[in-house]
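Order of listing sets the numbers, starting from 1, for every ligand and every atom in it. This one's a predicted model, so the numbers in the text were calculated from it and none came from an experiment.
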Amino acid sequence: MSENYFKTYPNETGYFGNYGGAFLPPHLEKEMKKITDAYYSISKSHKFISELRSIRKHYQGRPTPVYYCGRLSNKYGGRIYLKREDLNHSGAHKLNHCMGEALLAKYMGKKKLIAETGAGQHGVALATAAAYFGLECEIHMGEVDIKKEHPNVVRMEILGAKVVPVSHGLKTLKEAVDSAFDAYVQDSENSLYCIGSVVGPHPFPMMVRDFQHVVGVEAREQFMEMTGELPDKVVACVGGGSNAMGLFSAFLEDDECEIYGVEPAGRSLNLGDHAATMTFGKPGVIHGFKCYLLQDENGDPAPVYSVASGLDYPGVGPEHSMLKDLKKVKYDMINDEETIDAFYELSRMEGIIPALESAHAVAYAIKLAQKYPRKSILVNLSGRGDKDIDFVVDTFGLPEDRKKAEKQ
Ligand SMILES: *Cc1c(COP(=O)(O)O)cnc(C)c1O
C-alpha cells in the first residue's frame, strides 16, 4: 500500500480504482463540483479543523474509549477490544460525519441541510447537527419507513427537523433518495445535501471517510498506549461502509494488521434474504456512483434484507469495492441468528447492549477469537442497541426463552 494512500485515493474525478465517480445529470454534476471545491478549500483550513476538533471534544464527548473485553476474551480466547462509538453523542458513529457536513454547510453560508433516511439513524444524527448549528433540516423518508421507524421520526421532530413523507414507488429508501435530490436541486443556493455513509457521487465517499477517520486515529493511538503494539486484527460491520472506513483508514498502511469487513448474511443466502454485497454483488451503478452491487436479473439493484436495518443496502462504498479487489480487506458474512446471539452475549458478558449492526462485528470477532486464541482483535462498536431492544425481545425472545423453545 502506498504511503500516500489519502493523496492517491480517490483520484481527481472521485475514483477509487474502478469504483466511485459521479454518474449524474448535468445540472447535478455542477452542484457536486461546487461541493467538491468548497470541501477542498474549506476543510483543510486551520480554522475549520480547530473548530471541528473542539466540537468533537466538548459536544460529542470524544475521544471515545477503547475497552478490553476481559470476560468475553476469557470465555472465547483471543483478546477482544471495542472502540466505543456507542458512547459518541447520540449513540453511534454517524454524528462524526454529520457534524463535519453541517460545519461545512455553515462555512459555505448555507441555511438548510437536506437528506434522506431509511431506518432513521442518519436523519436523527443530521437533525442533531442541525440543531447544534441552528440550521434548518429537511429529512426525506419513505412512508413505509415512517410507519416502521416511529421513534426515530419523533426524535427528528423533537430536534426540530421537518420530516417529508415520500409516497411514490415502494415508499422506502430509494424513493427517499430521489426526493431529497430533487429538493436539493430546487434550493441548492441555500442548502447542502448531506449523505449518510461513504456512498453517493464524488465528493461524498471521500468527505464522509475523512470525517470518520477520527475513529481510526483515536483507536490506533489508544490501542498502542494500552498494549504497546498494533492490533493483529481489525473488524467492523459494513452497510454503506462509513464506520468501517473510519476505523480501517488508520490501519491500511500497517501490513501486519489483518482487516475484516462484515456484511449481513440475513435469513438465508437467497437473493432478497441478505445484503452481502461484497460476496454476491457485481460492479454496477447505484445512486450516482459505481460499486459492487447486488443486482436482479435485469441488472437493477436487488431487494435486500437484514435484521439490522442500517446494513440493508444493495450497494457499498466505492473505497470498500476497491479494497476488496486489492485484497487489502477481507469481506465476510454473519447471519441474523449469529447476530442475535452476539447481541445477548455482549450484553450479558460485558454489560454493553450493542446496536444490531455492530453485533454483526462482535459475532465475527468472537469467531476469530476462537480460531486465533493468541491474537488481539479490535472491533468498531459502531452504536448502542437501545433502538433495537423491543424488536429483539419481541421477535426472538430472551436467551432463556430461546433455550426453552429449542428443547420443546
Ligand atoms: C447506520 C449504521 C451502521 C451502518 O452504516 P455504515 O455506513 O456501514 O457504517 C452501522 N452501525 C450503526 C450503529 C448504524 O447506525
Novice: Determine whether the side chains of Asn11 and Thr13 contain a donor N or O and an acceptor N or O closer than 3.5 Å.
Specialist: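 The criterion, which ignores hydrogens and geometry beyond distance, is satisfied for Thr13 and Asn11.
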Novice: Any heavy atom of His93 sitting closer than 4.0 Å to ligand 1?
Specialist: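 The answer is yes, since His93 has a heavy atom less than 4.0 Å from ligand 1.
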Novice: Using distance alone, determine whether Ser358 and ligand 1 share an N or O pair under 3.5 Å.
Specialist: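 No; the residue has no nitrogen or oxygen that sits under 3.5 Å from a nitrogen or oxygen of the ligand.
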Novice: Can you list the atoms of ligand 1 that are under 4.0 Å from a heavy atom of Gly239?
Specialist: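 Result: 8 (O).
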Novice: Evaluate Val198 for polar contact with ligand 1, using N/O atom pairs at a separation under 3.5 Å.
Specialist: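 No, there is no polar N/O contact under 3.5 Å.
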Novice: Cut-off 3.5 Å, side chains only: do His287 and Tyr313 have a donor facing an acceptor?
Specialist: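 Side chains of His287 and Tyr313: pair found under 3.5 Å.
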Novice: Distance alone, cut at 3.5 Å: any donor-acceptor contact between the side chains of Ser358 and Ser382?
Specialist: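 Present: a donor and an acceptor within the cut-off.
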Novice: Verify whether one side chain among Tyr67 and Glu350 offers a donor that lies under 3.5 Å from an acceptor in the other.
Specialist: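 Result is yes, a qualifying pair exists.
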Novice: How far is atom 11 (N) of ligand 1 from its nearest protein heavy atom, and which residue and atom name does that atom have?
Specialist: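 Going atom by atom, the protein heavy atom closest to atom 11 (N) of ligand 1 ends up being Ser382 OG, 2.7 Å.
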Novice: Do any nitrogen or oxygen atoms of Val238 come within less than 3.5 Å of a nitrogen or oxygen of ligand 1?
Specialist: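 Such a contact does not occur with ligand 1.
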Novice: What atoms in ligand 1 come closer than 4.0 Å to a heavy atom of Ala355?
Specialist: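 Near Ala355, meaning under 4.0 Å from one of its heavy atoms, ligand 1 has 13 (C).
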Novice: Number the atoms of ligand 1 from 1 as they appear, then name those within less than 4.0 Å of a heavy atom of Gly383, with their elements.
Specialist: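 Counting atoms of ligand 1 from 1, those under 4.0 Å from Gly383 are 13 (C).
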Novice: Classify the contact between Lys94 and ligand 1 as side chain, backbone, both or neither, using a heavy-atom distance cut-off of under 4.0 Å.
Specialist: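 The answer is the side chain of Lys94.
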Novice: Distance alone, cut at 3.5 Å: any donor-acceptor contact between the side chains of Ser242 and His93?
Specialist: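 Yes, side-chain donor-acceptor contact under 3.5 Å.
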Novice: Are Glu337 and Arg267 within salt-bridge range, i.e. N to O under 4.0 Å?
Specialist: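 No salt bridge links Glu337 with Arg267.
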Novice: Under 3.5 Å, is there a donor on one side chain and an acceptor on the other for Gln212 and His97?
Specialist: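 Note: Gln212 and His97 side chains meet the donor-acceptor criterion.
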Novice: Starting from atom 4 (C) of ligand 1, which protein heavy atom do you reach first, and at what distance in Å?
Specialist: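 That would be Gly310 O, 3.4 Å.
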Novice: Test your reading of the structure: does Glu357 have an N or O sitting under 3.5 Å from an N or O of ligand 1?
Specialist: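 It does not: no N or O of Glu357 is found under 3.5 Å from an N or O of ligand 1.
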Novice: Taking atom types as modelled, is there a side-chain donor on Tyr184 or Glu138 under 3.5 Å from an acceptor on the other?
Specialist: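 Result is no, nothing qualifies.
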Novice: Using distance alone, determine whether Gly196 and ligand 1 share an N or O pair under 3.5 Å.
Specialist: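 So ligand 1 has no N or O lying under 3.5 Å from an N or O of Gly196.
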Novice: Can His320 and Tyr19 be counted as having a side-chain donor-acceptor contact under 3.5 angstrom?
Specialist: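 Result is no, nothing qualifies.
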Novice: Which is closest to atom 6 (P) of ligand 1 by heavy-atom distance: Ala125, Ala244, Ser242?
Specialist: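 Looking at heavy atoms only, the winner is Ser242.
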